[in-house]
Engineer: 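Sharing a structure here in structure tokens format.
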Amino acid sequence: MFCGNCGKKIPDNVKFCPFCGNKNEKKTEIGQLVLDAAAGKTEAIEKIYHMTYAQGFAVAMQMVKNEQDAMDLLQDAYISAFQNLNKLNRPEAFRSWFNCIVANNCRDLIRKKKPDLVTFGKVPM
């Protein structure tokens, strides 16, 4: 197996890469879980949820600064992600793809709540 951070070959039985110290989470583990989830395996969906919840919640909280809104947005993001798993070209990229969904949902909420304060790339004249 190869380290997902530095790319060096590492033994399968180690918990951390001996070269860079990165946690040795099998790079293909999330990819295989995504494929299983797309096939309808509920255990895979549950594992993906547990692997990605903390980071997704952190992204939402950082953007909306409200716990209840963050939890609602995260729930909507999971629904969207699991309904569109077949659109994900690289299953191992699920984490970043999911965090983008969370961030986009947050932007949508912010636009709805305060449309005059949000420009997201547009410079007011």
Engineer: In Å and rounded to the nearest 0.5 Å, what is the CZ to CE distance from R95 to M51?
Structural biologist: 4.5 Å
Engineer: For the atom pair CD1 (I30) and CD (Q32), what is the distance rounded to the nearest 0.5 Å?
Structural biologist: 11.0 Å
Engineer: Looking only at heavy atoms, which two atoms of A70 and F57 are closest? And how far apart?
Structural biologist: CB-CE1, 3.8 Å
Engineer: Any chance you could measure K41, atom NZ, to E46, atom CD, to the nearest 0.5 Å?
Structural biologist: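 Going from NZ on K41 over to CD on E46, the span is 14.5 Å.
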Engineer: Can you measure from CG (D108) to CG (D76) and round to the nearest 0.5 angstrom?
Structural biologist: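 Output value for this atom pair is 10.5 Å.
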Engineer: Which of these, V59, V102, I79, I101, sits in a side chain to side chain contact (heavy atoms under 4.5 Å, CB included) with L74?
Structural biologist: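 It is V102; the other options fail the test.
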Engineer: Working to the nearest 0.5 angstrom, can you tell me the gap between D72 CG and E67 CD?
Structural biologist: 10.5 Å
Engineer: For the residue pair Y49 and Y78, does the interplanar ring angle fall in the parallel (under 30°), tilted (30 to 60°) or perpendicular (over 60°) class?
Structural biologist: tilted
Engineer: Would you say N86 has more than 12 foreign heavy atoms packed within less than 6.0 Å of its CG?
Structural biologist: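 More than 12 heavy atoms, drawn from other residues, nucleotides or ligands, come within 6.0 Å of this atom.
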Engineer: If you measure from OG on S80 to CG on L73, what distance do you get to the nearest 0.5 Å?
Structural biologist: 12.0 Å
Engineer: Quick one: closest heavy-atom pair of I48 and T52, and the distance?
Structural biologist: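 Between these two residues, the closest heavy atoms are O-OG1, 2.8 Å.
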Engineer: At their closest point, which heavy atom of P91 faces which heavy atom of G31, and how far apart are they?
Structural biologist: CB-O, 3.5 Å
Engineer: Any non-hydrogen side-chain atom of N84 less than 4.5 Å from a side-chain atom of W97?
Structural biologist: yes
Engineer: Please examine the side chains of R111 and R107, heavy atoms only from C-beta on, and report whether any two atoms are closer than 4.5 Å.
Structural biologist: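 Result yes, sub-4.5 Å side-chain heavy-atom pair found.
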Engineer: Can you tell if the side chain of D69 reaches within under 4.5 Å of the side chain of K113, non-hydrogen atoms only?
Structural biologist: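 Yes, side chains in contact.
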Engineer: Are F82 and L33 linked, directly or through intermediate hydrophobic residues, by side-chain heavy-atom contacts shorter than 4.5 Å (ILVMFWY only)?
Structural biologist: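 Hydrophobic grouping puts L33 with F82.
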Engineer: Quick check: closest heavy atoms across A60 and C106, and the distance to 0.1 Å?
Structural biologist: CA-SG, 3.7 Å
